[in-house]
Amino acid sequence: MAPRPKLLFVLTSHDTLPAKGIKTGFYLPELVHPYNALIPHVDIVMASPKGGEAPVDPYSVEDTKNDAACVDFWENKQDVWKKTEKLESFLGRASEFDGIFYVGGHGPMFDLATDPTSHALIREFYESNKIVSAVCHGPAALVNVKLSDGSYLVAGSTVTGFSNAEEDAYDNTSAMPFLLETELKNHHAIYVKADQPFGVKTVVGGKNGKLITGQNPPSAGVIGGVLLDALKV
């Protein structure tokens with residue numbers, strides 16, 4: 001029997017939205033839905049820049065009170081995000097995994113977007129022909145990554161991520177250090193999005209179809225299935 005595929009899930013360690021003075025972090029359903037889709041078939045290891053407890057955006061808990069999967073996860077599976085391993089401990093270990101997945105939320109815009117350890121990991125995974133995936137604001141972790149030849153990882157690749165219109169709808173444009181859609185385009189990504197804000201959009205692109213991105217929280221509901229297809233399980 002073949003061994004189960006293995007994915008490294010990465011959460012933010014950043015917990016505040018400075019411009020608004022409120023708490024932020026990772027967005028709960030963007031962890032819950034991919035995790036639940038994958039965990040019956042895939043081994044998942046949880047990591048964050050600081051290790052230990054990763055901060056969950058309190059708004060995402062409140063906003064998913066009618067989402068049974070999120071409620072159950074919040075009540076019964078807090079160890080998943082409270083016992084993460086330090087990101088730096090995975091450097092040089094891409095061979096142990098089939099891919100890496102970045103959960104969204106506003107936190108990644110502030111830490112993972114510029115984290116050199118995360119950038120090195122993504123480069124290592126991608127250049128080892130492993131899956132590199134992210135959803136919503138998770139692609140903030142990808143936008144500044146440069147490959148060994150000095151080019152941006154996203155350059156020339158079709159990707160998606162939280163759109164400028166969606167950021168504006170939440171009245172968060174001025175609270176962001178940069179706009180994800182704009183910065184992806186600035187780094188020569190071929191940015192695509194759903195026809196309407198908050199429509200479901202996932203993209204399989206990059207080298208050998210190994211760059212897999214989702215646009216927004218609704219897209220987190222389907223990206224787990226896209227990853228299962230890519231993992232061929």
Side-chain angles (χ1 to χ4, degrees), residues 7-12 24-42 44 56-57 59-64 66-71 73-74 80-81 99-109 112-113 122 131-143 153-154 157-170 172-173 176 178-185 189-206 209-231 233:
L7 289 177
L8 185 61
F9 265 44
V10 184
L11 302 174
T12 182
T24 191
F26 73 87
Y27 208 72
L28 184 63
E30 295 170 19
L31 167 62
V32 172
H33 293 296
Y35 187 98
N36 284 351
L38 290 159
I39 199 65
H41 313 284
V42 178
I44 296 174
V56 59
D57 184 333
Y59 172 79
S60 72
V61 179
E62 191 63 34
D63 196 43
T64 53
N66 295 319
D67 182 326
C70 287
V71 172
F73 210 93
W74 174 254
V80 171
W81 71 84
I100 189 168
F101 175 72
Y102 283 79
V103 175
H106 283 121
M109 297 285 285
L112 292 165
I122 292 166
I131 292 168
V132 171
S133 182
V135 68
C136 196
H137 288 93
L142 313 180
V143 68
L153 174 133
V154 299
S157 291
T158 305
V159 298
T160 190
F162 207 61
S163 71
N164 292 355
E166 289 167 334
E167 205 70 82
D168 213 38
Y170 275 119
N172 279 323
T173 298
M176 292 297 102
F178 61 93
L179 291 176
L180 183 55
E181 175 184 339
T182 299
E183 202 66 3
L184 285 165
K185 291 175 178 175
I190 303 163
Y191 177 84
V192 296
K193 58 186 174 182
D195 292 339
Q196 298 293 328
F198 304 103
V200 171
K201 184 73 173 180
T202 59
V203 177
V204 177
K210 298 291 188 179
L211 186 60
I212 299 173
T213 48
Q215 182 178 332
N216 47 31
S219 304
V222 300
I223 200 167
V226 177
L227 286 167
L228 283 175
D229 287 344
L231 291 164
V233 291

If you compare all heavy atoms of [X] against all heavy atoms of [Y], which two are closest, and at what distance to 0.1 Å?
X: A140; Y: P108; value: CB-O, 3.9 Å
X: I212; Y: G209; value: CG1-O, 4.0 Å
X: C136; Y: L180; value: O-CD2, 3.3 Å

[X] vs [Y] side-chain heavy atoms within contact, under 4.5 Å:
X: T202; Y: V135; result: no
X: Y27; Y: D63; result: yes
X: V103; Y: L31; result: yes
X: F162; Y: P139; result: no

List in chain and number order the residues that pass side chain to side chain donor-acceptor pair (under 3.5 Å) with [X], two or more places apart in sequence or in another chain; answer none if no residue qualifies.
X: Q196; value: none
X: T213; value: none
X: D168; value: T173

From [X] [atom1] over to [Y] [atom2], what is the distance, rounded to the nearest 0.5 angstrom?
X: L7; Y: F101; atom1: CG; atom2: CZ; value: 9.0 Å
X: L112; Y: L11; atom1: CG; atom2: CG; value: 9.0 Å
X: N36; Y: F73; atom1: CG; atom2: CZ; value: 6.0 Å
X: N164; Y: E167; atom1: CG; atom2: CD; value: 8.0 Å
X: T12; Y: F26; atom1: OG1; atom2: CZ; value: 9.5 Å
X: I122; Y: I100; atom1: CD1; atom2: CD1; value: 6.0 Å

Name all residues meeting the salt bridge (charged side-chain N to carboxylate O under 4.0 Å, His left out) criterion together with K193; count only those two or more places apart in sequence or in a different chain, and write none if there are none. E181
Does the side chain to side chain contact (heavy atoms under 4.5 Å, CB included) test come out yes or no for F9 and L38, once each step is laid out? CA-CA 11 Å; F9 265 44; L38 290 159; 3.7 Å; yes
Could you list the donor-acceptor pairs under 3.5 angstrom formed by side chains in residues 215-231, with sequence neighbours left out?
residue	atom	partner	partner atom	Å
Q215	OE1	A194	N	2.7
Q215	NE2	E166	OE1	3.3
Q215	NE2	E166	OE2	2.9
N216	OD1	S219	N	3.1
N216	OD1	S219	OG	2.6
N216	ND2	E166	OE2	2.8
N216	ND2	G199	O	2.8
S219	OG	K201	N	3.0
S219	OG	K201	O	3.2

Under the side chain to side chain contact (heavy atoms under 4.5 Å, CB included) rule, collect the residues that match up with [X], sequence neighbours excluded.
X: V61; answer: L28, V56, W74
X: I39; answer: Y35, I44
X: D67; answer: H33, T64, A69, C70

Of all residues at least two apart in sequence or in a different chain, which pass the ring pair (Phe, Tyr, Trp, His ring centres under 6.0 Å) check with [X]?
X: Y102; answer: none
X: F178; answer: none
X: H106; answer: H137

Measuring centre to centre across the rings, with the benzene-like ring taken for any Trp, is F198 within less than 6.0 Å of Y170?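 Judged by ring-centre distance (under 6.0 Å), F198 and Y170 do meet the cut-off.
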Heavy-atom donor-acceptor pair, [X] side chain to [Y] backbone, under 3.5 Å:
X: E30; Y: G104; result: yes
X: T158; Y: G205; result: no
X: T160; Y: V192; result: yes

Dump the intermediate steps for side chain to side chain contact (heavy atoms under 4.5 Å, CB included) on L142 and V132, then the final yes or no. CA-CA 9 Å; L142 313 180; V132 171; 3.6 Å; yes
